[in-house]
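As C-alpha coordinates, the structure follows; a few thoughts come after it.
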Amino acid sequence: MHIPDHFLSPTTWIGASAISGGALAYAAKKTQKKLDERQVPWMGVMGAFIFAAQMVNFPVAGGTSGHLLGSMLAAVVLGPWPTMIIMSTILGIQCLFFQDGGITALGANILNMAVVGTWTGYGTYRLLLRLLPGTWGQKAAIFAGGWMSVFLASIVAAFELAFSDTLPLSLALPAMAGWHSLIGIGEGLITVAVIQYLLRVKPELNIAPIKGGMNVHG
Amino acid sequence: MFMVERKKNMGRWIGLLVIALAIAAFLSPWASSSPDGLERVAEDYGFSEKADKSVLEGIFPDYLIPGLDNEGLATAAAGIVGTTITFGLLTLLGKKMARPSADSRQGEEVSD
(Lines give C-alpha, C1' and ligand atoms only; values in the text may rest on other atoms or scores of the structure.)
Protein backbone atom coordinates (compact mmCIF):
# COMPACT_ATOMS: atom_id res chain seq x y z
CA MET A 1 0.00 0.00 0.00
CA HIS A 2 2.87 2.36 -0.79
CA ILE A 3 1.20 5.62 -1.77
CA PRO A 4 2.80 7.23 -4.86
CA ASP A 5 3.15 10.96 -5.55
CA HIS A 6 0.02 12.95 -6.52
CA PHE A 7 -2.48 10.73 -4.66
CA LEU A 8 -2.30 13.04 -1.63
CA SER A 9 -2.95 16.78 -1.39
CA PRO A 10 -0.15 18.97 0.01
CA THR A 11 -2.14 19.58 3.20
CA THR A 12 -2.48 15.84 3.74
CA TRP A 13 1.10 14.83 3.03
CA ILE A 14 2.59 17.75 4.93
CA GLY A 15 0.35 17.01 7.90
CA ALA A 16 1.15 13.30 7.77
CA SER A 17 4.87 14.07 7.48
CA ALA A 18 4.74 16.29 10.55
CA ILE A 19 3.05 13.56 12.61
CA SER A 20 5.40 10.80 11.48
CA GLY A 21 8.43 13.07 11.90
CA GLY A 22 7.53 13.69 15.52
CA ALA A 23 6.76 10.02 16.12
CA LEU A 24 10.10 9.00 14.59
CA ALA A 25 12.08 11.47 16.69
CA TYR A 26 10.48 10.00 19.79
CA ALA A 27 11.09 6.43 18.58
CA ALA A 28 14.77 7.27 18.02
CA LYS A 29 15.03 8.57 21.58
CA LYS A 30 13.35 5.46 22.99
CA THR A 31 15.49 3.16 20.84
CA GLN A 32 18.68 4.86 22.02
CA LYS A 33 17.64 4.18 25.59
CA LYS A 34 16.61 0.57 25.06
CA LEU A 35 18.63 -0.91 22.21
CA ASP A 36 21.38 -3.24 23.38
CA GLU A 37 24.44 -3.46 21.13
CA ARG A 38 23.92 -7.21 20.82
CA GLN A 39 20.58 -6.53 19.14
CA VAL A 40 22.12 -4.42 16.38
CA PRO A 41 22.75 -7.27 13.91
CA TRP A 42 19.16 -8.42 14.44
CA MET A 43 17.93 -4.96 13.60
CA GLY A 44 19.84 -5.13 10.29
CA VAL A 45 18.75 -8.67 9.55
CA MET A 46 15.06 -8.11 10.32
CA GLY A 47 15.13 -5.08 8.03
CA ALA A 48 16.84 -7.05 5.26
CA PHE A 49 14.33 -9.87 5.58
CA ILE A 50 11.33 -7.53 5.52
CA PHE A 51 12.71 -5.63 2.51
CA ALA A 52 13.19 -8.89 0.59
CA ALA A 53 9.80 -10.29 1.62
CA GLN A 54 8.07 -7.05 0.56
CA MET A 55 9.27 -7.70 -2.99
CA VAL A 56 7.37 -10.96 -3.18
CA ASN A 57 3.77 -10.14 -3.99
CA PHE A 58 1.37 -13.02 -3.47
CA PRO A 59 -1.95 -13.20 -5.33
CA VAL A 60 -5.00 -12.74 -3.11
CA ALA A 61 -8.15 -12.70 -5.26
CA GLY A 62 -9.62 -11.24 -8.40
CA GLY A 63 -6.34 -10.20 -10.00
CA THR A 64 -5.06 -8.37 -6.94
CA SER A 65 -1.89 -9.06 -4.98
CA GLY A 66 -0.40 -8.18 -1.64
CA HIS A 67 2.90 -8.54 0.13
CA LEU A 68 4.20 -8.78 3.66
CA LEU A 69 4.20 -5.55 5.64
CA GLY A 70 6.40 -6.88 8.44
CA SER A 71 5.75 -4.28 11.16
CA MET A 72 4.19 -6.90 13.41
CA LEU A 73 7.01 -9.37 12.77
CA ALA A 74 9.71 -6.87 13.70
CA ALA A 75 7.73 -5.62 16.70
CA VAL A 76 7.45 -9.11 18.20
CA VAL A 77 11.17 -9.76 17.74
CA LEU A 78 12.69 -6.36 18.57
CA GLY A 79 9.91 -4.32 20.15
CA PRO A 80 7.85 -1.50 18.66
CA TRP A 81 10.34 1.38 19.00
CA PRO A 82 13.18 -0.06 16.90
CA THR A 83 10.52 -1.42 14.54
CA MET A 84 9.46 2.14 13.73
CA ILE A 85 13.09 2.89 12.79
CA ILE A 86 13.36 -0.33 10.75
CA MET A 87 10.13 0.21 8.81
CA SER A 88 10.89 3.88 8.12
CA THR A 89 14.36 3.01 6.84
CA ILE A 90 12.91 0.39 4.50
CA LEU A 91 10.28 2.85 3.23
CA GLY A 92 12.98 5.45 2.64
CA ILE A 93 15.16 3.02 0.67
CA GLN A 94 12.18 1.81 -1.37
CA CYS A 95 11.26 5.38 -2.23
CA LEU A 96 14.72 6.76 -3.04
CA PHE A 97 16.24 3.75 -4.77
CA PHE A 98 13.30 1.91 -6.30
CA GLN A 99 10.62 4.59 -6.73
CA ASP A 100 8.21 2.51 -4.65
CA GLY A 101 6.10 5.06 -2.80
CA GLY A 102 6.37 8.75 -3.69
CA ILE A 103 8.81 11.11 -2.02
CA THR A 104 5.95 13.46 -1.15
CA ALA A 105 3.98 10.55 0.29
CA LEU A 106 6.90 9.18 2.31
CA GLY A 107 5.68 10.79 5.53
CA ALA A 108 2.19 9.36 5.01
CA ASN A 109 3.59 5.93 4.18
CA ILE A 110 5.70 6.05 7.34
CA LEU A 111 2.64 7.10 9.33
CA ASN A 112 0.53 4.24 7.90
CA MET A 113 3.03 1.41 7.95
CA ALA A 114 5.76 2.31 10.47
CA VAL A 115 3.56 4.02 13.08
CA VAL A 116 -0.03 2.76 12.71
CA GLY A 117 0.95 -0.70 11.42
CA THR A 118 3.49 -1.22 14.15
CA TRP A 119 1.42 -0.08 17.12
CA THR A 120 -1.97 -1.51 16.15
CA GLY A 121 -0.39 -4.87 15.35
CA TYR A 122 1.73 -4.93 18.47
CA GLY A 123 -1.14 -3.66 20.64
CA THR A 124 -3.50 -6.33 19.36
CA TYR A 125 -0.84 -8.97 19.98
CA ARG A 126 -0.17 -7.79 23.53
CA LEU A 127 -3.88 -7.68 24.33
CA LEU A 128 -4.68 -11.13 22.92
CA LEU A 129 -1.61 -12.66 24.54
CA ARG A 130 -3.20 -11.85 27.88
CA LEU A 131 -6.55 -13.34 26.91
CA LEU A 132 -5.51 -16.48 25.03
CA PRO A 133 -3.58 -19.20 26.84
CA GLY A 134 -0.89 -21.55 25.56
CA THR A 135 1.17 -21.76 22.39
CA TRP A 136 -1.93 -21.79 20.21
CA GLY A 137 -3.12 -18.67 21.92
CA GLN A 138 0.25 -17.13 21.16
CA LYS A 139 0.00 -18.12 17.50
CA ALA A 140 -3.52 -16.69 17.30
CA ALA A 141 -2.31 -13.45 18.90
CA ILE A 142 0.52 -13.16 16.35
CA PHE A 143 -1.85 -13.89 13.45
CA ALA A 144 -4.40 -11.35 14.66
CA GLY A 145 -1.70 -8.74 15.24
CA GLY A 146 -0.40 -9.21 11.70
CA TRP A 147 -3.88 -8.99 10.22
CA MET A 148 -4.76 -5.91 12.25
CA SER A 149 -1.54 -4.08 11.30
CA VAL A 150 -2.32 -4.34 7.58
CA PHE A 151 -6.04 -3.70 8.00
CA LEU A 152 -5.70 -0.54 10.10
CA ALA A 153 -2.79 0.85 8.08
CA SER A 154 -5.05 0.60 5.01
CA ILE A 155 -7.90 2.32 6.86
CA VAL A 156 -5.66 5.28 7.67
CA ALA A 157 -4.52 5.33 4.02
CA ALA A 158 -8.20 5.47 2.99
CA PHE A 159 -8.70 8.52 5.22
CA GLU A 160 -5.65 10.17 3.66
CA LEU A 161 -7.08 9.58 0.17
CA ALA A 162 -10.38 11.06 1.32
CA PHE A 163 -8.77 14.11 2.96
CA SER A 164 -6.95 14.68 -0.32
CA ASP A 165 -10.21 14.61 -2.31
CA THR A 166 -8.73 11.76 -4.35
CA LEU A 167 -11.53 9.35 -3.45
CA PRO A 168 -14.56 9.95 -1.19
CA LEU A 169 -14.39 8.13 2.12
CA SER A 170 -17.61 6.23 1.33
CA LEU A 171 -15.73 4.52 -1.53
CA ALA A 172 -12.16 4.53 -0.22
CA LEU A 173 -12.97 2.95 3.13
CA PRO A 174 -14.78 -0.21 1.96
CA ALA A 175 -12.42 -0.69 -1.00
CA MET A 176 -9.19 -0.37 1.00
CA ALA A 177 -10.59 -2.31 3.97
CA GLY A 178 -11.93 -5.05 1.72
CA TRP A 179 -8.72 -5.78 -0.16
CA HIS A 180 -6.51 -5.42 2.88
CA SER A 181 -8.64 -7.71 5.01
CA LEU A 182 -7.65 -10.38 2.46
CA ILE A 183 -3.99 -9.32 2.26
CA GLY A 184 -3.93 -9.32 6.08
CA ILE A 185 -4.57 -13.07 6.10
CA GLY A 186 -1.29 -13.53 4.22
CA GLU A 187 0.39 -11.16 6.67
CA GLY A 188 -0.85 -13.17 9.64
CA LEU A 189 0.18 -16.53 8.18
CA ILE A 190 3.67 -15.39 7.14
CA THR A 191 4.27 -13.69 10.49
CA VAL A 192 3.29 -16.81 12.43
CA ALA A 193 5.50 -18.99 10.19
CA VAL A 194 8.58 -16.75 10.45
CA ILE A 195 8.27 -16.48 14.23
CA GLN A 196 7.93 -20.28 14.48
CA TYR A 197 11.14 -20.56 12.45
CA LEU A 198 12.95 -18.02 14.64
CA LEU A 199 11.83 -19.81 17.80
CA ARG A 200 13.26 -23.05 16.41
CA VAL A 201 16.68 -21.70 15.43
CA LYS A 202 16.84 -19.43 18.44
CA PRO A 203 15.00 -21.17 21.27
CA GLU A 204 16.02 -18.57 23.83
CA LEU A 205 14.16 -15.93 21.85
CA ASN A 206 11.59 -14.76 24.31
CA ILE A 207 8.57 -13.54 22.43
CA ALA A 208 6.60 -12.93 25.58
CA PRO A 209 6.53 -9.15 25.77
CA ILE A 210 8.85 -7.61 28.27
CA LYS A 211 8.99 -4.04 29.45
CA GLY A 212 10.17 -1.94 26.55
CA GLY A 213 9.63 -4.89 24.23
CA MET A 214 13.24 -5.88 23.72
CA ASN A 215 13.55 -9.56 23.29
CA VAL A 216 16.50 -10.66 21.21
CA HIS A 217 20.04 -10.84 22.52
CA GLY A 218 23.08 -11.94 20.57
CA MET B 1 33.83 -18.85 26.58
CA PHE B 2 32.33 -15.52 25.67
CA MET B 3 33.83 -15.68 22.18
CA VAL B 4 32.38 -19.13 21.64
CA GLU B 5 29.03 -17.86 22.74
CA ARG B 6 29.33 -14.91 20.36
CA LYS B 7 30.18 -17.11 17.41
CA LYS B 8 27.30 -19.42 18.12
CA ASN B 9 24.92 -16.48 18.30
CA MET B 10 26.30 -14.93 15.14
CA GLY B 11 25.36 -17.99 13.10
CA ARG B 12 21.72 -17.41 13.91
CA TRP B 13 21.30 -13.96 12.49
CA ILE B 14 23.52 -14.79 9.52
CA GLY B 15 21.09 -17.62 8.74
CA LEU B 16 18.23 -15.15 8.48
CA LEU B 17 20.35 -12.81 6.34
CA VAL B 18 21.06 -15.67 3.93
CA ILE B 19 17.33 -16.43 3.80
CA ALA B 20 16.59 -12.75 3.09
CA LEU B 21 19.12 -12.67 0.22
CA ALA B 22 17.74 -15.94 -1.14
CA ILE B 23 14.20 -14.55 -1.11
CA ALA B 24 15.41 -11.42 -2.90
CA ALA B 25 17.34 -13.41 -5.49
CA PHE B 26 15.12 -16.42 -6.14
CA LEU B 27 11.57 -15.50 -5.09
CA SER B 28 11.27 -11.84 -6.11
CA PRO B 29 11.37 -12.61 -9.89
CA TRP B 30 8.34 -14.89 -9.35
CA ALA B 31 6.31 -12.30 -7.46
CA SER B 32 2.76 -11.70 -8.64
CA SER B 33 2.67 -8.75 -11.03
CA SER B 34 -0.99 -8.06 -10.27
CA PRO B 35 -1.75 -4.64 -8.77
CA ASP B 36 -1.55 -4.50 -4.99
CA GLY B 37 -4.49 -3.46 -2.82
CA LEU B 38 -4.01 0.29 -3.23
CA GLU B 39 -3.15 0.06 -6.96
CA ARG B 40 -6.28 -2.02 -7.46
CA VAL B 41 -8.46 0.59 -5.73
CA ALA B 42 -6.80 3.33 -7.81
CA GLU B 43 -7.55 1.40 -11.02
CA ASP B 44 -11.13 0.60 -10.04
CA TYR B 45 -11.89 4.23 -9.27
CA GLY B 46 -9.91 5.70 -12.15
CA PHE B 47 -7.18 7.65 -10.40
CA SER B 48 -4.23 5.34 -11.02
CA GLU B 49 -2.79 7.52 -13.81
CA LYS B 50 -2.08 10.19 -11.18
CA ALA B 51 0.86 8.01 -10.13
CA ASP B 52 2.43 8.03 -13.59
CA LYS B 53 4.57 11.08 -12.92
CA SER B 54 6.92 10.66 -10.00
CA VAL B 55 8.23 13.79 -8.28
CA LEU B 56 11.63 12.20 -7.75
CA GLU B 57 13.05 9.62 -10.13
CA GLY B 58 14.26 6.57 -8.20
CA ILE B 59 17.70 5.17 -8.99
CA PHE B 60 16.31 1.77 -9.99
CA PRO B 61 12.62 2.32 -10.77
CA ASP B 62 10.35 -0.75 -10.48
CA TYR B 63 13.06 -2.82 -8.81
CA LEU B 64 15.04 -3.35 -12.02
CA ILE B 65 18.80 -2.95 -12.26
CA PRO B 66 19.49 -1.42 -15.68
CA GLY B 67 21.76 -3.16 -18.17
CA LEU B 68 20.34 -6.61 -17.56
CA ASP B 69 18.23 -7.81 -20.49
CA ASN B 70 16.54 -10.55 -18.58
CA GLU B 71 13.82 -9.04 -16.39
CA GLY B 72 14.04 -11.81 -13.83
CA LEU B 73 17.77 -11.22 -13.44
CA ALA B 74 17.28 -7.45 -13.23
CA THR B 75 14.70 -7.93 -10.46
CA ALA B 76 16.86 -10.43 -8.59
CA ALA B 77 19.83 -8.05 -8.78
CA ALA B 78 17.68 -5.18 -7.49
CA GLY B 79 16.51 -7.43 -4.67
CA ILE B 80 20.06 -8.29 -3.65
CA VAL B 81 21.14 -4.64 -3.86
CA GLY B 82 18.15 -3.44 -1.83
CA THR B 83 18.43 -6.16 0.80
CA THR B 84 22.13 -5.42 1.24
CA ILE B 85 21.58 -1.65 1.50
CA THR B 86 18.82 -2.20 4.07
CA PHE B 87 21.01 -4.50 6.15
CA GLY B 88 23.99 -2.12 5.96
CA LEU B 89 22.08 1.05 6.72
CA LEU B 90 20.13 -0.42 9.64
CA THR B 91 23.27 -1.95 11.13
CA LEU B 92 24.98 1.45 10.96
CA LEU B 93 21.93 3.20 12.44
CA GLY B 94 21.67 0.55 15.15
CA LYS B 95 25.35 0.90 16.02
CA LYS B 96 24.92 4.65 16.42
CA MET B 97 21.86 4.22 18.59
CA ALA B 98 22.68 1.21 20.73
CA ARG B 99 24.02 1.38 24.24
CA PRO B 100 26.76 -1.00 25.43
CA SER B 101 25.41 -4.42 26.30
CA ALA B 102 24.84 -5.37 29.92
CA ASP B 103 27.76 -7.85 29.69
CA SER B 104 30.34 -5.28 28.75
CA ARG B 105 29.46 -2.93 31.57
CA GLN B 106 29.30 -5.33 34.45
CA GLY B 107 29.07 -3.65 37.80
CA GLU B 108 27.05 -0.83 36.40
CA GLU B 109 23.43 -0.73 37.27
CA VAL B 110 21.23 -1.97 34.48
CA SER B 111 18.19 0.20 34.40
CA ASP B 112 15.73 -1.99 32.57
Side-chain angles (χ1 to χ4, degrees), chain A residues 1-7 28 31-45 47-49 51-53 55-59 63-67 85-86 89-90 93 95-100 102-104 154 157 166-167 171-172 175-176 179-180 183 201-202 211-212 214 218, chain B residues 5-6 9-10 12-13 15-17 19-21 23-24 27-28 30-38 40-42 44-45 47 50-51 53-63 75 78-79 81-91 93-95 97-104 112:
Chain A
M1 68 181 92
H2 294 51
I3 302 173
D5 291 315
H6 308 300
F7 275 20
T31 303
Q32 273 169 330
K33 232 189 229 159
K34 300 272 180 192
L35 190 70
D36 188 298
E37 63 182 359
R38 290 170 300 178
Q39 297 171 317
V40 170
W42 282 98
M43 195 162 152
V45 161
F49 179 84
F51 176 90
M55 284 186 73
V56 186
N57 284 59
F58 49 83
T64 302
S65 72
H67 61 67
I85 309 287
I86 293 171
T89 305
I90 293 172
I93 291 170
C95 167
L96 294 174
F97 284 86
F98 303 103
Q99 214 173 302
D100 189 11
I103 184 80
T104 55
S154 82
T166 299
L167 190 65
L171 298 174
M176 287 296 281
W179 287 116
H180 290 91
I183 296 169
V201 297
K202 195 171 167 53
K211 206 169 165 240
M214 287 300 196
Chain B
E5 187 81 2
R6 247 191 128 82
N9 284 335
M10 202 157 98
R12 303 219 174 102
W13 64 260
L16 192 60
L17 183 61
I19 292 173
L21 287 167
I23 290 171
L27 284 186
S28 72
W30 302 99
S32 164
S33 54
S34 299
D36 74 8
L38 174 63
R40 176 57 187 265
V41 173
D44 285 354
Y45 292 100
F47 63 92
K50 278 185 176 217
K53 259 200 181 152
S54 201
V55 169
L56 189 82
E57 188 83 359
I59 302 169
F60 311 118
D62 296 322
Y63 297 92
T75 305
V81 168
T83 304
T84 309
I85 293 173
T86 308
F87 174 73
L89 191 57
L90 276 171
T91 306
L93 267 177
K95 273 197 173 139
M97 292 181 142
R99 53 174 171 72
S101 75
D103 285 351
S104 59
D112 58 354

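Each chain gets a letter, A, B and so on, in the order its sequence line appears, and its residues count up from 1. These numbers were taken from a predicted model, which means no experiment stands behind them.
Smallest separation of non-hydrogen atoms from A:Ala48 and B:Phe87: CB-CB, 3.9 Å. Heavy atoms only, all atoms of each residue included: B:Ser54 and A:Asp5 are closest at OG-OD2, 3.4 Å. Pairing each heavy atom of B:Met97 with each of A:Thr31, the nearest pair is SD-CG2, 3.9 Å. For the pair B:Tyr45 and A:Ala175, the tightest heavy-atom approach, listed with the atom from each and the gap, is CE1-CB, 3.9 Å. Nearest heavy atoms, A:Phe7 versus B:Ala42: CZ-CB, 3.7 Å. Between B:Ala20 and A:Ala52, the shortest heavy-atom distance links the atoms O-CB, 3.2 Å.
Looking only at heavy-atom pairs under 4.5 Å with chain A, the residue among B:Lys53, B:Arg40, B:Lys50 that has the most is B:Arg40. When the candidates B:Ser33, B:Ala51, B:Ala24 are compared by the number of heavy-atom contacts under 4.5 Å with chain A, B:Ala51 comes out ahead. Put simply, of A:His67, A:Met176, A:His2, the one with the most heavy-atom pairs under 4.5 Å next to chain B is A:Met176. Most heavy-atom pairs under 4.5 Å with chain A: of the set B:Gly79, B:Ser32, B:Gly37, this distinction falls to B:Ser32. Contacts with chain A were tallied for B:Leu89, B:Ile85, B:Leu27; B:Ile85 has the most, counting heavy-atom pairs under 4.5 Å. In terms of heavy-atom pairs under 4.5 angstrom with chain B, the leader among A:Pro4, A:Ala172, A:Cys95, A:Gly63 is A:Gly63.
Interatomic distance, CD1 of A:Ile90 versus CG of B:Leu90, reported as 6.5 Å (0.5 Å rounding). From A:Phe98, atom CZ reaches atom OG1 of B:Thr75 across 10.5 Å, with rounding to the nearest 0.5 Å. Between atom CG of residue B:Asp44 and atom CH2 of residue A:Trp179 there is a gap of 7.0 Å, rounded to the nearest 0.5 Å. Between the CD1 atom in B:Ile23 and the CE atom in A:Met55 there is a gap of 11.5 Å [rounded to 0.5 Å]. To the nearest 0.5 Å, atom OG1 of residue B:Thr83 and atom CZ of residue A:Phe49 are 10.5 Å apart. Taking CZ from B:Arg99 and CG from A:Leu35, the interatomic distance works out to 7.5 Å, rounded to the nearest 0.5 Å.
Contact of A:Ile103 with chain B is made through the side chain alone, with heavy-atom distances under 4.5 Å. Only the side chain of A:Thr89 has a heavy atom closer than 4.5 Å to any heavy atom of chain B. Interface remark: A:Ile93 contributes side-chain atoms only to the contact with chain B (heavy atom separation under 4.5 Å). Of the atoms belonging to A:Ala28, heavy atoms from both backbone and side chain fall under 4.5 Å from chain B. At a 4.5 Å heavy-atom cutoff, the contact between A:Thr104 and chain B is made by side-chain atoms alone. Contact annotation for A:Phe97: both backbone and side-chain heavy atoms come within less than 4.5 Å of a heavy atom of chain B.
Between B:Asp62 and A:Gln99 the shortest side-chain heavy-atom distance does not fall below 4.5 Å. Side-chain atoms of B:Leu16 and A:Trp42, non-hydrogen and from C-beta on, do get closer than 4.5 Å to each other. At a threshold of 4.5 Å between non-hydrogen side-chain atoms, the residues A:Val40 and B:Thr91 count as touching. Within the 4.5 Å cutoff, the side chain of A:Pro59 has no heavy atoms near those of the B:Ser34 side chain. At least one side-chain heavy atom of A:His6 sits less than 4.5 Å from a side-chain heavy atom of B:Val55.
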